Amino acid sequence: MTYKTTKGNRRVMVTKQLISDALLKLLEVKSIEKITITELCETAHVNRSTFYHHYTSQYDVLTEIEDQKVEDIKAMLEKMDPKKSFTVREQLEAICTYLKENKSAFLLFMNSKYILKDFSEKLFDITLKQGFTEEHAPKELSDEQKELWRNFYQGGYYYLIYSWLEGDMDASPSDVADLICNFLPIIKK
């Protein structure tokens with residue numbers, strides 16, 4: 001019984017990986033909105049029924065890839081310091097290093113208009129959420145304004161990382177981490 005379950009799980013994992021890889025490959029040449037399920041299945045070498053057994057759309061695949069990328073970053077940070085005693089600055093440098101090492105995959109992923117807000121929020125939350133609690137917001141702001149304040153910093157953080165990855169990458173991960181910390185004065189280095 002265990003053998004069948006393990007074998008079945010492995011088959012599901014392989015199938016999902018084929019579909020994810022196919023989607024990333026197709027994203028190199030077209031936007032998510034223009035990718036059809038038929039095209040995705042042909043590229044992945046899976047049947048449509050197999051695809052629909054696991055997903056309802058290409059957006060579901062992209063969301064699963066997003067979740068996996070976020071988990072990969074969290075696992076990398078956990079491996080770096082299981083006690084989580086590193087500073088926000090050290091986390092930022094580690095994340096920038098990881099993103100740079102996986103630049104092509106992340107750029108494909110980050111270029112998707114569909115994922116942009118959700119992924120940017122998750123990336124922001126991994127490192128900087130504790131710096132943007134209610135106590136750090138200017139006191140005179142309304143709740144709505146505080147949300148806009150947080151969104152402003154979240155968007156800037158995400159776009160800075162995106163621009164750095166997309167550009168010629170002269171700055172090191174350490175330089176980018178320092179820049180982010182300098183832009184966000186509430187961060188304790």
Side-chain angles (χ1 to χ4, degrees), residues 4-80 91-129 151 154-173 176-177 180:
K4 284 185 179 181
T5 304
T6 303
K7 186 176 179 182
N9 288 342
R10 191 174 324 130
R11 189 176 310 148
V12 168
M13 288 173 34
V14 168
T15 300
K16 285 184 160 200
Q17 188 63 52
L18 288 170
I19 294 169
S20 295
D21 291 347
L23 182 62
L24 289 173
K25 182 178 180 180
L26 291 168
L27 284 171
E28 290 177 9
V29 293
K30 59 173 60 175
S31 66
I32 187 80
E33 302 83 22
K34 297 189 180 189
I35 297 172
T36 66
I37 300 304
T38 301
E39 182 178 30
L40 185 53
C41 290
E42 287 173 0
T43 304
H45 303 291
V46 299
N47 295 322
R48 284 177 65 89
S49 61
T50 301
F51 176 88
Y52 284 116
H53 181 73
H54 301 290
Y55 304 104
T56 59
S57 71
Q58 67 274 38
Y59 298 99
D60 287 347
V61 180
L62 194 58
T63 299
E64 188 172 278
I65 295 169
E66 170 195 299
D67 291 342
Q68 186 57 55
K69 295 293 183 199
V70 169
E71 289 306 312
D72 289 348
I73 291 170
K74 286 179 181 177
M76 180 268 309
L77 289 173
E78 182 69 27
K79 189 182 286 186
M80 183 178 118
Q91 288 179 34
L92 284 168
E93 183 174 351
I95 287 173
C96 288
T97 299
Y98 182 79
L99 293 172
K100 182 177 179 179
E101 290 169 354
N102 297 279
K103 175 186 173 184
S104 59
F106 275 102
L107 278 177
L108 282 175
F109 187 68
M110 293 169 92
N111 276 323
S112 169
K113 293 176 191 167
Y114 175 76
I115 287 298
L116 182 65
K117 179 160 179 16
D118 196 34
F119 183 67
S120 71
E121 188 169 316
K122 289 176 183 176
L123 188 61
F124 185 80
D125 285 350
I126 291 170
T127 53
L128 299 178
K129 186 174 187 176
N151 288 343
Q154 176 183 317
Y157 169 69
Y158 184 79
Y159 194 72
L160 185 148
I161 293 212
Y162 173 77
S163 298
W164 171 63
L165 288 175
E166 191 177 55
D168 59 17
M169 297 182 60
D170 284 342
S172 70
V176 174
I180 292 168

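Please read these numbers as outputs of a predicted model, since none were measured by experiment.
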4.5 Å side-chain heavy-atom contact, Tyr52 and Ile37: yes
4.5 Å side-chain heavy-atom contact, Leu27 and Leu62: yes
Distance in Å, Ile32 CD1 paired with Lys30 NZ, rounded so as to fall on 0.5 Å steps: 11.0 Å
Approximate separation, where rounding is to 0.5 Å, of Leu165 CG and Leu160 CG: 10.0 Å
Between CG on residue Leu18 and CG on residue Leu23, distance to nearest 0.5 Å: 12.5 Å
Flag if over 12 foreign heavy atoms under 6.0 Å of NE2, His54: yes
Heavy-atom closest pair, residues Gln58 and Phe51: N-CZ, 4.1 Å
Cationic N near anionic O, under 4.0 Å, Glu28 to Lys25: no
Interatomic spacing from CG in Asn47 to CD in Glu42 - rounded to 0.5 Å: 11.0 Å
Pairwise distance OG1(Thr97) to CD(Glu93) - rounded to 0.5 angstrom: 5.0 Å
Any side-chain heavy-atom pair of Glu33 and Tyr59 under 4.5 Å: yes
Main-chain N/O of Val176 paired to Trp164 side chain as donor or acceptor, under 3.5 Å: no
Face-on cation placement of Lys69 at Tyr98 ring, 6.0 Å and 45° thresholds: no
Plane angle bin for Tyr159 and Tyr162 - parallel if under 30°, tilted between 30 and 60°, otherwise perpendicular: tilted
Value rounded to 0.5 Å, distance of CG in Leu92 from CD1 in Ile161: 7.0 Å
